[in-house]
Asks: 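Have a look at this one.
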There are 2 protein chains.
Amino acid sequence: MDQFIYKTRPDGLSVLNLQKIDERIGIAANLLAQYSPEEILVVSRRENGWKAVRQFGKLTGAKVFAGRYPPGILTNPQLENFIEVKIILVTDSWPDRNAIKDALQVGIPVIALCDTNNQTNNIDLVVPCNNKGKKSLGLIFYILTREYMKKRGLIKDEKEFKPSLDDFTEE
Amino acid sequence: MDQFIYKTRPDGLSVLNLQKIDERIGIAANLLAQYSPEEILVVSRRENGWKAVRQFGKLTGAKVFAGRYPPGILTNPQLENFIEVKIILVTDSWPDRNAIKDALQVGIPVIALCDTNNQTNNIDLVVPCNNKGKKSLGLIFYILTREYMKKRGLIKDEKEFKPSLDDFTEE
(Lines give C-alpha, C1' and ligand atoms only; values in the text may rest on other atoms or scores of the structure.)
Protein backbone atom coordinates (compact mmCIF):
# COMPACT_ATOMS: atom_id res chain seq x y z
CA MET A 1 0.00 0.00 0.00
CA ASP A 2 3.12 2.21 -0.09
CA GLN A 3 2.03 4.18 -3.12
CA PHE A 4 -1.08 5.49 -1.34
CA ILE A 5 0.65 6.67 1.81
CA TYR A 6 1.11 10.40 2.17
CA LYS A 7 3.41 10.14 5.16
CA THR A 8 4.10 8.06 8.23
CA ARG A 9 3.91 9.97 11.50
CA PRO A 10 6.69 9.71 14.08
CA ASP A 11 4.37 7.52 16.19
CA GLY A 12 4.15 5.04 13.33
CA LEU A 13 0.68 5.84 12.01
CA SER A 14 0.62 5.95 8.21
CA VAL A 15 -1.62 8.60 6.69
CA LEU A 16 -3.31 7.96 3.35
CA ASN A 17 -3.08 10.38 0.44
CA LEU A 18 -6.55 11.96 0.18
CA GLN A 19 -6.28 12.73 -3.51
CA LYS A 20 -5.66 9.06 -4.27
CA ILE A 21 -8.66 8.01 -2.18
CA ASP A 22 -10.89 10.37 -4.10
CA GLU A 23 -9.50 9.30 -7.47
CA ARG A 24 -9.83 5.61 -6.73
CA ILE A 25 -13.41 5.85 -5.47
CA GLY A 26 -14.17 7.46 -8.82
CA ILE A 27 -12.47 4.68 -10.76
CA ALA A 28 -14.26 2.04 -8.70
CA ALA A 29 -17.65 3.65 -9.37
CA ASN A 30 -16.84 3.87 -13.09
CA LEU A 31 -15.87 0.24 -13.22
CA LEU A 32 -18.89 -0.96 -11.23
CA ALA A 33 -21.19 1.07 -13.48
CA GLN A 34 -20.18 -1.21 -16.36
CA TYR A 35 -22.03 -4.03 -14.64
CA SER A 36 -25.72 -4.45 -13.95
CA PRO A 37 -26.64 -4.80 -10.25
CA GLU A 38 -27.20 -8.57 -10.39
CA GLU A 39 -23.67 -9.02 -11.74
CA ILE A 40 -22.15 -7.40 -8.65
CA LEU A 41 -21.40 -9.08 -5.32
CA VAL A 42 -20.38 -7.04 -2.28
CA VAL A 43 -18.83 -8.83 0.69
CA SER A 44 -18.18 -7.57 4.19
CA ARG A 45 -17.19 -9.96 6.92
CA ARG A 46 -16.41 -7.11 9.29
CA GLU A 47 -19.50 -6.02 11.19
CA ASN A 48 -18.74 -2.32 10.88
CA GLY A 49 -19.39 -2.59 7.17
CA TRP A 50 -22.74 -4.40 7.34
CA LYS A 51 -25.02 -1.41 7.45
CA ALA A 52 -23.13 0.26 4.61
CA VAL A 53 -23.03 -2.70 2.23
CA ARG A 54 -26.66 -3.60 2.95
CA GLN A 55 -27.73 -0.09 2.01
CA PHE A 56 -25.66 -0.34 -1.16
CA GLY A 57 -27.43 -3.59 -2.00
CA LYS A 58 -30.87 -2.26 -1.15
CA LEU A 59 -30.50 0.87 -3.24
CA THR A 60 -28.66 -0.54 -6.25
CA GLY A 61 -29.96 -4.12 -6.30
CA ALA A 62 -26.48 -5.66 -6.05
CA LYS A 63 -25.98 -8.96 -4.22
CA VAL A 64 -24.59 -8.59 -0.72
CA PHE A 65 -23.01 -10.82 1.92
CA ALA A 66 -22.83 -9.07 5.25
CA GLY A 67 -21.24 -11.55 7.61
CA ARG A 68 -19.76 -14.93 6.89
CA TYR A 69 -19.02 -15.58 3.23
CA PRO A 70 -20.38 -19.04 2.37
CA PRO A 71 -17.43 -20.99 0.94
CA GLY A 72 -17.72 -22.21 -2.63
CA ILE A 73 -20.71 -20.08 -3.42
CA LEU A 74 -19.02 -18.68 -6.54
CA THR A 75 -17.15 -21.82 -7.51
CA ASN A 76 -19.37 -24.83 -6.81
CA PRO A 77 -22.45 -25.10 -9.06
CA GLN A 78 -23.70 -28.03 -6.95
CA LEU A 79 -24.47 -25.77 -4.01
CA GLU A 80 -28.04 -24.64 -3.50
CA ASN A 81 -26.92 -21.07 -2.95
CA PHE A 82 -24.54 -21.05 -5.93
CA ILE A 83 -24.47 -17.71 -7.72
CA GLU A 84 -22.71 -16.31 -10.75
CA VAL A 85 -21.49 -12.73 -10.69
CA LYS A 86 -19.10 -10.78 -12.87
CA ILE A 87 -17.32 -8.58 -10.33
CA ILE A 88 -16.88 -8.53 -6.56
CA LEU A 89 -16.19 -5.75 -4.10
CA VAL A 90 -14.81 -6.62 -0.67
CA THR A 91 -14.43 -4.28 2.28
CA ASP A 92 -11.17 -5.77 3.58
CA SER A 93 -8.78 -8.09 1.78
CA TRP A 94 -7.90 -10.00 4.95
CA PRO A 95 -11.22 -11.02 6.56
CA ASP A 96 -12.73 -11.33 3.06
CA ARG A 97 -9.86 -13.40 1.69
CA ASN A 98 -12.02 -16.45 0.91
CA ALA A 99 -14.20 -14.39 -1.37
CA ILE A 100 -11.10 -13.06 -3.14
CA LYS A 101 -9.75 -16.59 -3.53
CA ASP A 102 -13.01 -17.75 -5.11
CA ALA A 103 -13.14 -14.75 -7.41
CA LEU A 104 -9.60 -15.52 -8.53
CA GLN A 105 -10.62 -19.09 -9.27
CA VAL A 106 -13.58 -18.13 -11.47
CA GLY A 107 -11.60 -15.28 -13.02
CA ILE A 108 -13.69 -12.23 -12.17
CA PRO A 109 -12.29 -8.82 -11.19
CA VAL A 110 -11.86 -7.92 -7.53
CA ILE A 111 -12.24 -4.42 -6.13
CA ALA A 112 -11.06 -4.16 -2.51
CA LEU A 113 -11.14 -1.39 0.06
CA CYS A 114 -7.67 -1.49 1.59
CA ASP A 115 -6.15 0.27 4.56
CA THR A 116 -2.44 0.92 5.01
CA ASN A 117 -1.96 -2.47 6.66
CA ASN A 118 -3.49 -4.54 3.83
CA GLN A 119 -1.83 -6.85 1.33
CA THR A 120 -2.89 -6.03 -2.22
CA ASN A 121 -2.12 -9.36 -3.91
CA ASN A 122 -4.76 -10.65 -6.30
CA ILE A 123 -6.71 -7.43 -6.19
CA ASP A 124 -7.51 -5.77 -9.47
CA LEU A 125 -8.44 -2.38 -8.12
CA VAL A 126 -7.44 -1.11 -4.70
CA VAL A 127 -9.49 1.67 -3.10
CA PRO A 128 -7.33 3.05 -0.29
CA CYS A 129 -9.35 4.06 2.77
CA ASN A 130 -10.01 3.43 6.43
CA ASN A 131 -11.91 0.16 6.07
CA LYS A 132 -12.30 -0.48 9.81
CA GLY A 133 -14.68 2.24 11.00
CA LYS A 134 -18.45 2.43 10.58
CA LYS A 135 -18.38 6.07 9.55
CA SER A 136 -15.61 5.65 7.03
CA LEU A 137 -17.22 2.60 5.42
CA GLY A 138 -20.59 4.36 5.47
CA LEU A 139 -19.19 7.34 3.64
CA ILE A 140 -17.38 5.24 1.02
CA PHE A 141 -20.53 3.27 0.22
CA TYR A 142 -22.67 6.40 0.29
CA ILE A 143 -20.49 7.85 -2.48
CA LEU A 144 -20.25 4.56 -4.37
CA THR A 145 -24.02 4.11 -4.28
CA ARG A 146 -24.68 7.65 -5.48
CA GLU A 147 -22.13 7.51 -8.29
CA TYR A 148 -23.24 4.04 -9.35
CA MET A 149 -26.87 5.12 -9.55
CA LYS A 150 -25.94 8.27 -11.43
CA LYS A 151 -23.80 6.48 -13.98
CA ARG A 152 -26.39 3.75 -14.50
CA GLY A 153 -29.06 6.37 -15.07
CA LEU A 154 -31.10 5.29 -12.02
CA ILE A 155 -31.08 8.90 -10.85
CA LYS A 156 -30.59 11.98 -12.98
CA ASP A 157 -28.26 13.93 -10.72
CA GLU A 158 -27.05 14.23 -7.14
CA LYS A 159 -30.17 16.08 -6.05
CA GLU A 160 -32.29 13.06 -6.82
CA PHE A 161 -30.25 10.94 -4.41
CA LYS A 162 -32.44 10.92 -1.29
CA PRO A 163 -30.69 8.70 1.27
CA SER A 164 -28.69 10.47 3.94
CA LEU A 165 -25.23 9.58 5.13
CA ASP A 166 -26.85 8.36 8.36
CA ASP A 167 -28.67 5.64 6.42
CA PHE A 168 -25.26 4.15 5.72
CA THR A 169 -23.74 4.52 9.15
CA GLU A 170 -26.33 4.43 11.96
CA GLU A 171 -27.74 1.17 13.23
CA MET B 1 4.30 -8.02 -10.88
CA ASP B 2 4.54 -11.17 -8.76
CA GLN B 3 0.82 -11.78 -8.64
CA PHE B 4 0.60 -12.12 -12.44
CA ILE B 5 3.42 -14.60 -12.84
CA TYR B 6 2.42 -18.17 -13.53
CA LYS B 7 5.91 -19.56 -13.03
CA THR B 8 9.56 -18.72 -13.50
CA ARG B 9 11.43 -21.10 -15.77
CA PRO B 10 14.79 -22.57 -14.68
CA ASP B 11 16.50 -20.22 -17.16
CA GLY B 12 15.02 -17.25 -15.31
CA LEU B 13 12.24 -16.27 -17.71
CA SER B 14 9.01 -15.46 -15.88
CA VAL B 15 5.84 -16.56 -17.63
CA LEU B 16 2.65 -14.54 -17.23
CA ASN B 17 -0.64 -16.07 -16.15
CA LEU B 18 -2.84 -16.04 -19.28
CA GLN B 19 -6.10 -15.97 -17.39
CA LYS B 20 -5.05 -12.78 -15.62
CA ILE B 21 -4.05 -11.15 -18.92
CA ASP B 22 -7.46 -11.90 -20.38
CA GLU B 23 -9.28 -10.71 -17.27
CA ARG B 24 -7.33 -7.48 -17.04
CA ILE B 25 -7.78 -6.57 -20.71
CA GLY B 26 -11.50 -6.92 -20.06
CA ILE B 27 -11.35 -4.66 -17.00
CA ALA B 28 -9.30 -2.09 -18.91
CA ALA B 29 -11.81 -2.04 -21.77
CA ASN B 30 -14.68 -1.67 -19.29
CA LEU B 31 -12.96 1.21 -17.56
CA LEU B 32 -12.01 2.99 -20.79
CA ALA B 33 -15.57 2.62 -22.06
CA GLN B 34 -16.69 4.93 -19.24
CA TYR B 35 -14.83 7.76 -20.96
CA SER B 36 -15.53 9.41 -24.29
CA PRO B 37 -12.66 9.21 -26.82
CA GLU B 38 -11.52 12.81 -26.33
CA GLU B 39 -11.11 12.15 -22.61
CA ILE B 40 -8.57 9.38 -23.26
CA LEU B 41 -4.85 9.78 -23.90
CA VAL B 42 -2.73 6.86 -25.07
CA VAL B 43 1.05 7.12 -24.83
CA SER B 44 3.72 4.90 -26.35
CA ARG B 45 7.32 5.99 -26.33
CA ARG B 46 8.49 2.59 -27.54
CA GLU B 47 8.43 2.37 -31.31
CA ASN B 48 6.99 -1.13 -31.41
CA GLY B 49 3.75 0.27 -30.02
CA TRP B 50 3.32 3.14 -32.46
CA LYS B 51 1.34 1.36 -35.12
CA ALA B 52 -0.96 -0.19 -32.52
CA VAL B 53 -1.73 2.97 -30.56
CA ARG B 54 -2.19 5.03 -33.74
CA GLN B 55 -4.76 2.55 -34.98
CA PHE B 56 -6.51 2.72 -31.61
CA GLY B 57 -6.59 6.50 -31.89
CA LYS B 58 -7.75 6.46 -35.49
CA LEU B 59 -10.60 4.04 -34.88
CA THR B 60 -11.82 5.27 -31.51
CA GLY B 61 -10.95 8.97 -31.71
CA ALA B 62 -8.78 8.92 -28.59
CA LYS B 63 -5.77 11.22 -28.29
CA VAL B 64 -2.46 9.50 -28.96
CA PHE B 65 1.22 10.25 -28.45
CA ALA B 66 3.37 7.83 -30.38
CA GLY B 67 6.93 8.83 -29.67
CA ARG B 68 8.24 11.40 -27.28
CA TYR B 69 5.75 12.55 -24.67
CA PRO B 70 5.88 16.35 -24.57
CA PRO B 71 6.60 17.28 -20.94
CA GLY B 72 4.00 19.33 -19.10
CA ILE B 73 1.34 18.80 -21.69
CA LEU B 74 -1.15 17.64 -19.04
CA THR B 75 0.01 19.92 -16.27
CA ASN B 76 0.94 23.30 -17.76
CA PRO B 77 -2.04 25.28 -19.13
CA GLN B 78 0.40 27.89 -20.52
CA LEU B 79 1.65 25.49 -23.18
CA GLU B 80 0.23 25.76 -26.68
CA ASN B 81 -0.29 22.02 -26.88
CA PHE B 82 -1.84 21.75 -23.39
CA ILE B 83 -4.64 19.19 -23.24
CA GLU B 84 -7.03 17.99 -20.59
CA VAL B 85 -7.90 14.32 -20.44
CA LYS B 86 -9.57 12.17 -17.81
CA ILE B 87 -7.64 8.92 -18.12
CA ILE B 88 -4.36 7.81 -19.64
CA LEU B 89 -3.13 4.49 -20.97
CA VAL B 90 0.61 3.89 -21.34
CA THR B 91 2.29 0.95 -23.03
CA ASP B 92 5.22 0.68 -20.63
CA SER B 93 5.55 2.23 -17.20
CA TRP B 94 9.30 2.82 -17.59
CA PRO B 95 9.75 4.66 -20.92
CA ASP B 96 6.37 6.36 -20.36
CA ARG B 97 7.17 7.38 -16.78
CA ASN B 98 6.89 11.12 -17.49
CA ALA B 99 3.32 10.69 -18.64
CA ILE B 100 2.53 8.71 -15.49
CA LYS B 101 4.13 11.42 -13.34
CA ASP B 102 2.00 14.10 -14.99
CA ALA B 103 -1.16 12.03 -14.65
CA LEU B 104 -0.41 11.59 -10.97
CA GLN B 105 0.00 15.33 -10.59
CA VAL B 106 -3.35 16.17 -12.19
CA GLY B 107 -5.01 13.23 -10.44
CA ILE B 108 -6.32 11.15 -13.32
CA PRO B 109 -6.31 7.35 -13.45
CA VAL B 110 -3.44 5.51 -15.13
CA ILE B 111 -3.81 2.22 -16.98
CA ALA B 112 -0.46 0.66 -17.88
CA LEU B 113 0.56 -2.37 -19.87
CA CYS B 114 3.22 -4.02 -17.72
CA ASP B 115 5.59 -6.89 -18.37
CA THR B 116 7.14 -9.03 -15.65
CA ASN B 117 10.04 -6.59 -15.28
CA ASN B 118 7.92 -3.49 -14.65
CA GLN B 119 7.37 -1.50 -11.47
CA THR B 120 3.69 -0.97 -10.78
CA ASN B 121 3.89 2.07 -8.49
CA ASN B 122 1.40 4.85 -9.19
CA ILE B 123 -0.53 2.73 -11.63
CA ASP B 124 -4.23 2.35 -11.04
CA LEU B 125 -4.81 -0.61 -13.30
CA VAL B 126 -2.07 -2.96 -14.47
CA VAL B 127 -2.63 -4.99 -17.65
CA PRO B 128 -0.01 -7.73 -17.59
CA CYS B 129 1.38 -8.57 -21.05
CA ASN B 130 4.41 -8.62 -23.28
CA ASN B 131 4.67 -4.87 -23.91
CA LYS B 132 7.88 -5.04 -25.93
CA GLY B 133 6.85 -6.78 -29.16
CA LYS B 134 4.97 -5.39 -32.12
CA LYS B 135 2.70 -8.38 -32.42
CA SER B 136 1.84 -8.51 -28.74
CA LEU B 137 1.08 -4.78 -28.57
CA GLY B 138 -0.87 -5.03 -31.81
CA LEU B 139 -3.04 -7.80 -30.41
CA ILE B 140 -3.68 -6.01 -27.12
CA PHE B 141 -4.78 -2.84 -28.88
CA TYR B 142 -6.80 -4.79 -31.41
CA ILE B 143 -8.83 -6.28 -28.56
CA LEU B 144 -9.00 -3.00 -26.63
CA THR B 145 -10.23 -1.15 -29.74
CA ARG B 146 -12.87 -3.74 -30.52
CA GLU B 147 -14.16 -3.95 -26.96
CA TYR B 148 -14.12 -0.19 -26.52
CA MET B 149 -16.11 0.33 -29.70
CA LYS B 150 -18.56 -2.39 -28.74
CA LYS B 151 -19.15 -1.02 -25.26
CA ARG B 152 -19.51 2.55 -26.51
CA GLY B 153 -22.06 1.39 -29.06
CA LEU B 154 -19.88 2.43 -32.02
CA ILE B 155 -20.32 -1.06 -33.44
CA LYS B 156 -23.12 -3.49 -32.68
CA ASP B 157 -21.11 -6.69 -32.34
CA GLU B 158 -17.77 -8.26 -33.18
CA LYS B 159 -18.81 -8.96 -36.77
CA GLU B 160 -19.07 -5.25 -37.44
CA PHE B 161 -15.45 -4.75 -36.45
CA LYS B 162 -13.68 -4.61 -39.82
CA PRO B 163 -9.99 -3.91 -39.13
CA SER B 164 -7.70 -6.91 -39.24
CA LEU B 165 -5.01 -7.75 -36.73
CA ASP B 166 -2.45 -6.80 -39.40
CA ASP B 167 -3.72 -3.20 -39.31
CA PHE B 168 -2.40 -3.07 -35.77
CA THR B 169 0.92 -4.81 -36.30
CA GLU B 170 2.27 -4.40 -39.83
CA GLU B 171 4.13 -1.27 -40.84
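Letters go in sequence order (proteins before strands), and every chain restarts at 1.
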Asks: Please tell me whether B:Phe141 and B:Phe168 form a close aromatic pair, meaning their ring centres lie under 6.0 Å apart.
Replies: no
Asks: For chain B, which of A:Arg24, A:Gln19, A:Lys151 has the most heavy-atom pairs under 4.5 Å?
Replies: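 Option with the top pair count is A:Arg24.
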Asks: Apply side chain to side chain donor-acceptor pair (under 3.5 Å) to A:Asp167 and A:Tyr142, showing your working.
Replies: CA-CA 9 Å; A:Asp167 296 336; A:Tyr142 174 83; over 6 Å; no
Asks: Which one, A:Leu125, A:Asp2, A:Ile108, leads in non-hydrogen pairs under 4.5 Å with chain B?
Replies: A:Ile108
Asks: What part of A:Ile123 gets within 4.5 angstrom of chain B, counting heavy atoms only: side chain, backbone, both, or neither?
Replies: backbone
Asks: Please determine, among A:Ile27, A:Asp124, A:Leu31, the option with the most heavy-atom pairs under 4.5 Å with chain B.
Replies: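 Going by pairs under 4.5 Å, I would pick A:Asp124.
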Asks: Is B:Tyr35 in contact with chain A via its backbone, its side chain, both, or neither, using a 4.5 Å heavy-atom distance?
Replies: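 The answer is the side chain of B:Tyr35.
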Asks: Who wins among B:Asn30, B:Ile87, B:Asn121, B:Leu104 for the most heavy-atom pairs under 4.5 Å with chain A?
Replies: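 When all of B:Asn30, B:Ile87, B:Asn121, B:Leu104 are compared, B:Asn30 has the most.
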Asks: Can you tell me how far CG of B:Asp96 sits from CZ of B:Arg45, rounded to the nearest 0.5 angstrom?
Replies: 8.5 Å
Asks: Apply side chain to side chain donor-acceptor pair (under 3.5 Å) to residues B:Thr91 and B:Asn131 and explain how you reach the verdict.
Replies: CA-CA 6 Å; B:Thr91 55; B:Asn131 60 9; over 6 Å; no
Asks: So, are A:Asp157 and A:Lys159 salt-bridged, with charged N and O less than 4.0 Å apart?
Replies: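 Salt bridge flag = no for A:Lys159 with A:Asp157.
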